[in-house]
Amino acid sequence: MRWWFLIAPLCGLTVACAAPAAGTRFDVVLRETDATCVTTFEGHDLTSAELLEMARARARKTREAQVATKTVNTPWRCVAGLIYTLQMAGFEKINFAALPSARR
């Protein structure tokens with residue numbers, strides 16, 4: 001029974017290391033401009049190819065992404081396309097938040 005006390009701290013360390021650290025989530029902003037879907041990461045607009053490349057690199061570090069829009073009227077084709085791209089990149093959990101606009 002003594003061996004359990006030696007292994008328990010190692011198990012706790014392993015679980016803590018497996019969880020993503022706070023702030024490692026991949027955060028992007030989605031908007032529509034002139035009937036075109038635009039994804040922004042850290043202030044830079046990304047093409048579809050750039051988004052997929054960057055998302056694949058980030059998905060190796062974390063499996064969670066956050067998509068935010070500044071309006072509740074973002075077209076579904078933009079939202080679905082971005083979610084599909086993030087899933088292709090390897091993200092397992094994708095959160096979505098429609099932030100309220102200033103005009104409300």
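For the single chain, residues carry numbers from 1 onward in sequence order.
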Over 12 non-hydrogen atoms of neighbours within 6.0 angstrom of CZ in Phe96: yes

Contact check, side chains of Cys37 and Glu32, non-hydrogen atoms, under 4.5 Å: no

Any donor-acceptor N or O pair under 3.5 Å, side chains Thr40, Arg31: yes

Cluster link Phe41 to Leu52, ILVMFWY, side chain under 4.5 Å: no

Distance in Å, Ile94 CD1 paired with Tyr84 OH, rounded so as to fall on 0.5 Å steps: 12.0 Å

Approximate separation, where rounding is to 0.5 Å, of Thr85 OG1 and Phe91 CZ: 11.5 Å

NZ on Lys93 to CG on Leu86, rounded to 0.5 Å: 14.5 Å

Spacing of Leu51 atom CG and Asp45 atom CG [to the nearest 0.5 Å]: 11.5 Å

Nearest heavy-atom neighbours spanning Ala89 and Ala55: CB-CB, 3.5 Å

Spatial distance of atom CZ (Arg58) from atom CE (Met54) [nearest 0.5 Å]: 7.5 Å

Sole candidate of Val67, Ile83, Val38, Leu30 that passes side chain to side chain contact (heavy atoms under 4.5 Å, CB included) when paired with Cys78: Leu30

Minimum-distance pair of heavy atoms, taken over all atoms of Asn95 and Gln66: CB-OE1, 3.0 Å

Within 6.0 angstrom of Glu50 CD, more than 12 heavy atoms from elsewhere: yes

From NE2 (His44) to OG1 (Thr39), nearest 0.5 Å: 14.5 Å

Closest heavy-atom pair and its distance - Ala98, Thr69: CA-OG1, 3.3 Å

